[in-house]
Number of protein chains: 2
Amino acid sequence: MTNIQDIARLAGVSTATVSRVINKRGYVSALTKQKVLEIIKKLDYVPNANAISLKKGKTRQIGIITTLFSPIIIQFVRTFSLIAEKNRFNITLFITNGDPAKEILALEMLRGKQLDGIACLIRSNTWEVIESYTRYGPIVTWQRLQNEHLPSVFMDQFHAYQVGLEHLYAKGYRKILSVYPMSQGLNTKERIRAYSEFAQRYHLITDIFPHFEDKMLVQDGEELATWWLSQKYRPDAIFCANDEVAAGLMTSLKRLGFSIPGDVGILGFDNTEVAHLLDLTTINYPIDQQAENAFFILQNKLNNTSHLLNTLTYKLVERKST
Amino acid sequence: MTNIQDIARLAGVSTATVSRVINKRGYVSALTKQKVLEIIKKLDYVPNANAISLKKGKTRQIGIITTLFSPIIIQFVRTFSLIAEKNRFNITLFITNGDPAKEILALEMLRGKQLDGIACLIRSNTWEVIESYTRYGPIVTWQRLQNEHLPSVFMDQFHAYQVGLEHLYAKGYRKILSVYPMSQGLNTKERIRAYSEFAQRYHLITDIFPHFEDKMLVQDGEELATWWLSQKYRPDAIFCANDEVAAGLMTSLKRLGFSIPGDVGILGFDNTEVAHLLDLTTINYPIDQQAENAFFILQNKLNNTSHLLNTLTYKLVERKST
DNA sequence: GCTTGACATGTAATGCATTACATAAACTAC
DNA sequence: GTAGTTTATGTAATGCATTACATGTCAAGC
């Protein structure tokens, strides 16, 4: 392979000059520049990226620890990649699928200087373990409360859930079933808190319906429809963990001949594509802004800049299911 | 940062010995080994990945040029990542979204030795341009016919489409509408060929219905439902470009009160999750096997091995929509 | 005529790990 | 006791680009 030495020799200059030409830094005469570029072209030369990374101690490579599981997380990856590429960073993808060892492998690459930073969307190890890697490079997380050492683009869903519940109340629903996502997630905790606060405020009874957690898939929604059908005393509105659950529930009930929102109101969460498609009322989750913020946080730490973050707001998107 | 020299100095040995300990190669006495490992642990040392890559001329990094657009392509990425990680390769993701410049950037990284190989799932540049990069490292493609220099895991869909059509014929359908994906794709061409061969064989008239191409989304299926409804002379079966189109079509028609397959038979393609969910008859697309093959092809070229490829077969998956 | 600054280019150290080759001790075998 | 083998470790070149520092030319300004 041709290297910078070859170019320097053939152009009759030093490697420093070649480097100056390539990186457009410092003084180079027009004539020299032209000659160097000519030789570069003739020999089809490209600088070896590994040598540059070694010298600079930077790779312009950012890792994403994730799954490619739910639409919302895929959208995060998409937007994050887009903004990273715009800033000349590449993305290394770690689909860990809950394997702690794979996650460690990714974190070790930060230690081994193969990554400049990491966006950790899901995790299998404890936060303490992940936090311990922050001394090797910036790590930004999702789905976690703000923390001094481990920044996060997480957003408290307490208020968003209140907005949703208020909307249902305003529409006249009083027998509201709330369905929650991951049982151990912070989201679930905050949503439960919002619900009980809401129930208390309006003097609603909360324990008439079973407690549904870990509902995140279309299929979960379909099962929910079966449950709903089997009940004598039915909720008049269901606040679903996300749009996928809402979609499964909605299409199943419609298939059975029920009308939405006539027979039961359905409220989604996230505002993913399926909500648009099915005309589902939902809460917009500002995932693109979060993905951008995640990148900005890494970039700020990397360059010691302070690019302003997007302000995040949840917004009710009223469509036709409530 | 501590490097191998520091370890060597503190352990009172040469860097060669430290390297031997780390890589478990060559002879090292038990005592020396223990001492070196001790120092490594004490100083929290990890080898610099960039130095290794520079020396070896390999990065164990494979690029995927893709979108994260359709379920089938996401599944490819998922499976490919899985098998790559199992073989200690990392994935660099290039979401090019049809931008030729971004694609070139990825290909240039192969040239700059930052990638050991590339899986090109979609492309924006001509095949010639992509092929010209094969001299810098192995590239495997999707959606292309086999070619000497540019291997592909593409699979001729002519036969698969025949199987689908035969199935519809056997079920008694005679007025079959065929809906095609990307207008310029090879798939579309082969499917059209299969359809006209089929029509000729059974003496069916082919030009009663309009020619639908570029139909790939749920929304396309929904629009198809509107079209179907508006027709006096309707097809009795629709062979959709993929499961997403079929899903959109099917749910729309059911919503309008039609029964599937009572009023119209629907046949999907790909056998993605939505087909399972909606009980859609479809053709299984062996995407996981293709993803594995893509990796095996790269690996074989990289190591000069000849890992056997999966044999690929399409299979009709009969469910309840035909 | 001398100083100063802009322009141009080169020298050589640096980042870090790998490995071919060399050296040498210890052991085996006849 | 000598030749051959196994074990153990070191030396130094190698992969490649960057950059601080040094050197030198030329023109402008007083």
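Letters go in sequence order (proteins before strands), and every chain restarts at 1.
Using a cutoff of 4.0 Å between basic side-chain nitrogens and carboxylate oxygens, A:Arg111 and A:Glu108 are scored as salt-bridged.
B:Ile52 comes within 4.0 angstrom of the backbone, heavy atoms only, and of no base. A:Gly12 comes within contact range of the sugar-phosphate backbone alone, with a heavy-atom separation under 4.0 Å but no base atom that close. Within the 4.0 angstrom heavy-atom criterion, no nucleotide atom of any strand lies near B:Asn50.
Remark: B:Thr17 is not in phosphate contact with D:dA8, judged by side-chain N or O atoms under 4.0 Å from OP1 or OP2. Dashed line: the shortest gap from a side-chain N or O of A:Ser14 to OP1 or OP2 of C:dT11 is not under 4.0 Å. Taking 4.0 angstrom as the limit, B:Thr15 places none of its side-chain polar atoms (N or O) nearer than this to OP1 or OP2 of C:dC16. Checking the phosphate oxygens (OP1, OP2) of C:dG15, no side-chain nitrogen or oxygen of B:Asn3 falls inside 4.0 Å. Under 4.0 angstrom from either OP1 or OP2 of D:dA8 there lies no side-chain N or O belonging to B:Thr32.
When rounded to the nearest whole Å, the span between CG of A:Asp6 and C1' of D:dG15 equals 12 Å. Following rounding to the nearest Å, A:Ile4 (CD1) and C:dA12 (C1') show an atom-to-atom distance of 14 Å. In this entry the distance linking NZ of A:Lys58 with P of C:dC16 reads 13 Å, nearest Å. Rounded to whole Å, the distance from CD on A:Gln114 to P on C:dG15 is 20 Å. To the nearest angstrom, P of C:dT9 lies 12 Å from NZ of A:Lys33. Spacing between atom OH of B:Tyr27 and atom P of D:dT5 amounts to 13 Å, rounded to whole angstrom units. One atom, CE of B:Met1, and another, C1' of C:dT14, lie 17 Å apart when rounded to the nearest Å. To the nearest angstrom, P of D:dG15 lies 18 Å from NZ of A:Lys55.
Between D:dT9, C:dT18, D:dT19, one nucleotide has an atom nearer to the side chain of B:Val28 than all others, and that is D:dT9. Residue B:Leu54 places its side chain closer to D:dC16 than to any other of D:dC16, C:dG10, D:dG10.
When each of A:Ile22 and B:Arg20 is assigned the nucleotide of DNA chain D with its nearest heavy atom, B:Arg20 is the one assigned upstream, toward the 5' end. Where B:Pro47 and A:Ala16 each meet DNA chain C at their nearest nucleotide, the meeting point lying more 5' is that of A:Ala16. Each of A:Ser19 and B:Val13 was matched to the nucleotide of DNA chain D holding its nearest heavy atom; the match closer to the 5' end belongs to B:Val13.
A side-chain donor-acceptor contact under 3.5 Å links B:Thr59 and B:Asp116. Using modelled atom types, one finds no donor on one side chain facing an acceptor on the other under 3.5 Å when comparing A:Ser132 with A:Glu128. In this structure, a donor-acceptor pair under 3.5 Å is absent between the side chains of A:Thr96 and A:Glu103. In this model, no donor atom of one side chain and acceptor atom of the other lie less than 3.5 Å apart for B:Gln299 and B:Thr305.
Within a 6.0 Å radius of NZ in A:Lys102, more than 12 heavy atoms belonging to other residues, nucleotides or ligands are found.
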